[in-house]
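What follows is one structure encoded as structure tokens, with my remarks underneath.
Residue numbers start from 1 in every chain, and the chains themselves are labelled A, B, ... in the order their sequence lines are given, proteins ahead of strands.
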There are 2 protein chains.
Amino acid sequence: MLLFKISTYAIVDGNMKIELVIAAVALVFFIIGIYLNKKTLSRNPQKKPEVDKNKIAELGLSKREYEVLVEISKGLSNKEIANSLFVSESTVKTHVSNLLVKLDAQRRTQAVRIARQLNIL
Amino acid sequence: MLLFKISTYAIVDGNMKIELVIAAVALVFFIIGIYLNKKTLSRNPQKKPEVDKNKIAELGLSKREYEVLVEISKGLSNKEIANSLFVSESTVKTHVSNLLVKLDAQRRTQAVRIARQLNIL
DNA sequence: GGAGGATTCATACTAAAGTACCAAAAAGCT
DNA sequence: AGCTTTTTGGTACTTTAGTATGAATCCTCC
């Protein structure tokens, strides 16, 4: 609107060709159109697959169980997970077992797949 | 440009307010700007994480080995993979072993993770 | 038609994963 | 403090995964 007013004044002053003024205004608004459009599109660019905390709670996954799940998805063995979480391998196995039941999975690989589909990874 | 010419003629006919003409032209080009921008952005909308066939070849993964890899990523056991590919479990094990070496993975879960990072899944 | 990779399968073995069951701390909650 | 869930860990066991090795068949390419 401001730009529009300015262009109007330019005409009132009136020593330029009208076509030029129109061309200039058109160009300016053309660019503004592109600019605004790009901005709105980049504001929410991609629906980032964020971790769905609600679903985690819904499944009854405890904090520790979820941590183990994350480590599994990294491809770690039970022993490696035990080290990274500072617990025994027995503990990890317990968590894994419970986790598989809650995710309705038979294997850890399947657990990862299901977890991905549920957007909790 | 066509639109521009038309608007010029309208002025030559000259019985409308100049401000209105400018406003109209501005609006039209504004919309055109948005439209064109949206079109170019939707032409290549999202860099879809497509399977990188080159990388598969680069790793020396055979057709069958890759198929096994895909089944692994679905969370299937060796026995289940054997059934789905109509081969024995022994064969699957062979493929898995070779596949792990080529992907430089120690476990199938790790293979899946690496494969994802390489965009071959 | 022979060379070589791919696919198939087997046996025998080791390692890892997973189950079942139990039980003691630790942490939260009211 | 008392109750509940979580976290921890153990033993014992079964199952699955993975390795090593060897070998037959199939396919393709030259």
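Applying the 4.0 Å criterion to OP1 and OP2 of C:dT7, one finds that B:H95 has every side-chain N and O outside that range. Dashed line: the shortest gap from a side-chain N or O of B:S90 to OP1 or OP2 of C:dT11 is not under 4.0 Å. Using a 4.0 Å cut-off, some side-chain N or O of B:S88 falls inside it from OP1 or OP2 of C:dA10.
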Under a 4.0 Å heavy-atom criterion, the protein footprint on nucleotides 15-30 of chain D, written with B, S and -, is --BBB-----------
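Look at CG on B:L59: it is 13 Å from P on C:dA6, rounded to the nearest Å.
Across all strands shown, B:T91 has heavy atoms under 4.0 Å from base atoms, whether or not it also approaches the sugar-phosphate.
Within the 3.5 Å criterion, the main-chain N or O of B:T94 finds no donor-acceptor partner in the side chain of B:S97. Side chain of A:K102 to main chain of A:L61: no donor-acceptor pair is present (N/O by atom type, distance under 3.5 Å, no hydrogens or angles). Although no hydrogens or angles enter the test, the distance criterion places no donor-acceptor pair under 3.5 Å between the side chain of B:Q117 and the main chain of B:I114. Looking at B:R107, its side chain does come within 3.5 Å of a backbone N or O of A:G75 through a donor-acceptor pair.
A donor and an acceptor atom, one from each side chain of B:S77 and A:Q106, are nowhere located under 3.5 Å apart.
Under 4.0 Å is where a charged nitrogen must lie from a carboxylate oxygen, and between A:K55 and A:E58 no such pair does.
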